[in-house]
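Both ligands and their constituent atoms are indexed starting at 1 by order of listing. None of the values given here were measured: they were computed from a predicted structure.
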Amino acid sequence: MVDLLLGLQWGDEGKGKIVDVLTKDYDIIARFQGGPNAGHTLEFDGIKHVLHTIPSGIFHDNALNVVGNGVVIDPVIFKKELDNLGKFNIDINAKLLISRKAHLILPTHRLLDAASEASKGKAKIGSTLKGIGPTYMDKTGRNGMRVGDLEFDAWKKKYRALANKHEAMIDFYDVDIQYDLKELEADFFDAVKELKKLKFIDSEEFIYTSMVKGKKILAEGAQGSLLDIDFGTYPFVTSSNTTAAGACTGLGIAPGKIGRVFGIFKAYTTRVGSGPFPTELFDQDGETMGRVGNEFGATTGRPRRCGWLDLVALKYAVQINGVTDLMMMKGDVLSGFKTLKVCTSYKYKGKEISHLPYNIEPEYVTPVYKEMKGWAKDLTQLRSESEFPAELNEYIAFLESELNVPIKIVSVGPDRTQTIHR
Ligand code: GDP
Ligand code: IMO
Ligand code: MG
C-alpha cells in the first residue's frame, strides 16, 4: 500500500515538515506532481532546509527518495538543490531516484511563463514563474521532453526544435521580456550533465516491485487541493492534479493500493498569488498571522495572504481526497488571539450554503463565521496533548466534529520536535 500526504488548502501547509517527521516509518518517499514551484521547509538541529523538487525524506538514512513521472524537473534548480545538500554528507546517488517519464522544464518554458503572465496584466495567476504551466502544456500537448530522452543521442535536436518553437511563441505574446537564451542554455546544458549523473529509473515498475516486497511508501504532495487543476479555484490554480488521484497518475499506483490519506492544514488559511480567498483578512488580525507565522513564500519570498480557517473549503478537500487522518499545523501562531473565527458556511447569491460553489469570488460569496474563544498560552514548548489549553482542545474538537476525521498530529512550531501525536 502507498500512503499519501496532501495539502488541503492553497499550499504551504507544512508538508515538508511532516514528511520529514514521518519518514522514519517509511522505506520510500515519492513526489508525484508539481516541480520547483513547491518550497517545502524542514527544520531540525537548528538548521532550516528548503526543498523544491527533491522529496522531503532525503535527510534520513533509511529511506529512498523518488521523483515520480508526474513531476516536472528544472535541471538548473535541481542542480542548485543538490549543491545545497552537498555539505550534509548525503549519498545522493544511492538515495535519490528519478523517473524517466518525468518532464523537463526548459529555459524557454520559464520565459513562456513570464510572457503569459505579463500578457495577462492585472488578471495574472501570480505564478511562481518556474515554467510549470508551459511545461505541463507541452506534456499534454504531446510535445514535451522527458528525463528518459537524455539517454538518447537525439535529445539535443529535440531540445533545439522545441526551444525554437517556444521563441516564436514568446514573440507572439508581444510583451517586453528581456532574455539572453545563450546564457540560459549554457546553465541548462551544464545542469543536465549533473542530472545525468543520477540514477534514472522506470519508477512505476520500481514502485510496483517495492510494494510487492512489502516496502512502505509515502507519496508527498506539492501545492494544495485548492490549487488543483480540476478542483481548485480555476484559473487561479497550478497545472497539475494536487489531489489524491494525482498520486495514482503521478507514480503509477493503482487506486486500490492507496492506504492512508494524511490531510494537512494550517489552523488558519494562507494563499500566495492571485485568486479568490473568502476568509482573507485585511486587518490587524491578518497582519498578526503573517508576522507571527512568518508567512513568506518559501520559493518566491512573496508575502502570503492570511485569513481565518475556512471549513467549507476544508470539508471539500477532505471529501475529494478521502482523507483518513488530519494534521493541524501552526496552532502556535494563533496564541494570543482573544477570539478566533472559523468559517462554517457561505452566503452565496443570498442563500446560506455549506458546500464549495462553482464561483467563490467576493461578489458572490460572504463567509459566515462561528466565533470561538482563543488561548493565551504559548504552545511552542508543549510536547504532549495533556498540556493543551482548554480552548485549543475545544477548537480541535469542533473541527473534528465538523470534518468527521480525527486530527492525529498537532504541530506547534517549525522544528521536527515541535510535533504532537494524538
Ligand atoms: P509546505 O510547502 O507545505 O512544505 O510548507 P512551507 O515550507 O512552504 O511553509 C510552511 C512554513 O511554516 C515553513 O516555514 C515551516 O518551517 C513553518 N512551519 C511548519 N509547521 C509549523 C508550525 O507548527 N508552527 C510554526 N510556527 N511554523 C511551522
Ligand atoms: P508548496 O508545495 C503555495 C501557487 C502560485 C500561484 C499558482 C500557480 O510549497 O505548497 P504555478 O507556478 O504553479 O503556475 O503557480 O499556484 N503555488 C503555490 N502556492 N505553495 C506552493 O507549493 C505553490 N505552488 C504554486 O503562487 O498562485
Ligand atoms: Mg511551500
Side-chain angles (χ1 to χ4, degrees), residues 5-21 31 33-44 47-53 55-56 71-72 74 105 109-110 112-114 116-117 124-137 220-229 232-240 242 264-277 289-305 327-335 378-380 382 409-420:
L5 184 135
L6 308 163
L8 300 181
Q9 295 161 320
W10 278 291
D12 303 330
E13 296 87 354
K15 299 175 289 293
K17 169 182 166 163
I18 295 298
V19 170
D20 171 60
V21 166
R31 277 276 305 268
Q33 46 68 237
N37 48 349
H40 294 183
T41 314
L42 293 69
E43 233 178 280
F44 54 89
I47 306 177
K48 177 170 149 173
H49 307 270
V50 180
L51 298 168
H52 300 287
T53 327
S56 301
V71 175
V72 291
D74 183 335
I105 302 177
H109 281 130
R110 267 183 276 140
L112 276 169
D113 203 356
S116 166
E117 286 284 81
K124 70 174 182 184
I125 307 297
S127 124
T128 59
L129 301 178
K130 303 296 176 195
I132 304 296
T135 305
Y136 279 116
M137 278 162 73
E220 172 181 2
Q223 289 81 56
S225 299
L226 302 175
L227 290 170
D228 183 278
I229 182 72
T233 47
Y234 192 89
F236 301 101
V237 293
T238 191
S239 299
S240 64
T242 58
I264 177 164
F265 68 100
K266 280 179 189 166
Y268 49 101
T269 310
T270 64
R271 169 163 211 172
V272 58
S274 328
F277 177 178
M289 286 172 191
R291 181 171 36 80
V292 179
N294 193 22
E295 295 295 357
F296 294 92
T299 294
T300 59
R302 292 177 292 177
R304 297 175 182 145
R305 302 154 62 192
M327 300 167 171
M328 187 175 91
M329 311 300 288
K330 302 189 96 159
D332 54 298
V333 175
L334 295 184
S335 290
D378 170 21
L379 307 182
T380 57
L382 306 192
I409 285 182
V410 176
S411 171
V412 293
D415 194 85
R416 233 185 221 172
T417 57
Q418 293 172 303
T419 312
I420 297 167

Which of the atoms of ligand 2 are close to [X], meaning less than 4.0 Å from one of its heavy atoms?
{"X": "Val272", "answer": "3 (C), 5 (C), 19 (N), 26 (O), 27 (O)"}
{"X": "Ala38", "answer": "1 (P), 2 (O), 9 (O), 22 (O)"}
{"X": "Lys15", "answer": "1 (P), 2 (O), 10 (O)"}
{"X": "Thr238", "answer": "11 (P), 13 (O)"}
{"X": "Trp10", "answer": "3 (C), 19 (N)"}

Have [X] and [Y] got a donor and an acceptor in their side chains that come within less than 3.5 Å?
{"X": "Gln418", "Y": "Glu43", "value": "no"}
{"X": "Lys130", "Y": "Thr299", "value": "no"}
{"X": "Ser127", "Y": "Asp113", "value": "yes"}

- Verify side chain to side chain contact (heavy atoms under 4.5 Å, CB included) between Asp228 and Val237, making sure each step is shown before the conclusion. CA-CA 6 Å; Asp228 183 278; Val237 293; over 6 Å; no

Which protein non-hydrogen atom lies closest to [atom], naming both residue and atom, and how far is it?
{"atom": "atom 7 (C) of ligand 2", "value": "Val237 O, 3.9 Å"}
{"atom": "atom 14 (O) of ligand 2", "value": "Ser127 CB, 3.7 Å"}
{"atom": "atom 12 (O) of ligand 2", "value": "Thr128 OG1, 2.6 Å"}
{"atom": "atom 20 (N) of ligand 2", "value": "Asp12 OD1, 3.1 Å"}

- Where do Arg302 and Phe296 land on the side chain to side chain contact (heavy atoms under 4.5 Å, CB included) test, with the steps shown first? CA-CA 5 Å; Arg302 292 177 292 177; Phe296 294 92; over 6 Å; no

For [atom], the option (of [options]) bearing the nearest heavy atom:
{"atom": "atom 17 (N) of ligand 2", "options": "Thr299, Asn37, Leu227", "value": "Leu227"}
{"atom": "atom 1 (P) of ligand 2", "options": "Gln223, Lys130, Arg31", "value": "Gln223"}
{"atom": "atom 6 (C) of ligand 2", "options": "Ala222, Gly126, Gly11", "value": "Gly126"}

Decide yes or no for [X] and [Y]: does some side-chain heavy atom of the first lie under 4.5 Å from some side-chain heavy atom of the second?
{"X": "Arg271", "Y": "Thr233", "value": "yes"}
{"X": "Asp74", "Y": "Thr53", "value": "no"}
{"X": "Trp10", "Y": "Val272", "value": "no"}
{"X": "Arg31", "Y": "His40", "value": "yes"}
{"X": "Ile125", "Y": "Ser274", "value": "no"}

- Apply side chain to side chain contact (heavy atoms under 4.5 Å, CB included) to the pair Leu8 and Ser225, showing each step before the final yes or no. CA-CA 5 Å; Leu8 300 181; Ser225 299; 4.1 Å; yes

Measure from the side-chain N and O atoms of [X] to the backbone N and O of [Y], and report whether any donor-acceptor pair falls under 3.5 Å.
{"X": "Lys266", "Y": "Asp12", "answer": "yes"}
{"X": "Thr242", "Y": "Gly224", "answer": "yes"}
{"X": "Thr419", "Y": "Ser411", "answer": "no"}
{"X": "Lys17", "Y": "Thr41", "answer": "no"}
{"X": "Gln223", "Y": "Ser239", "answer": "no"}
{"X": "Glu295", "Y": "Arg305", "answer": "no"}

- Query: Is it true that Gly39 lies under 4.0 Å from ligand 2, counting heavy atoms only?
  - Reply: yes

- Query: Taking the non-hydrogen atoms of Arg302, is any one of them nearer than 4.0 angstrom to ligand 2?
  - Reply: yes

- Using a cut-off of 2.8 Å, count how many protein N, O or S atoms are strictly closer to the Mg ion (ligand 3). 2

- Message: Below 3.5 Å, N or O to N or O, backbone or side chain included: is there any such pair between His40 and ligand 2?
- Response: yes

- Message: Which protein residues come within less than 4.0 angstrom of ligand 1, counting heavy atoms only?
- Response: Asp12, Glu13, Gly14, Lys15, Gly16, Lys17, Gly39, His40, Thr41, Ala298, Arg304, Met329, Lys330, Asp332, Val333, Ser411, Val412, Gly413, Pro414

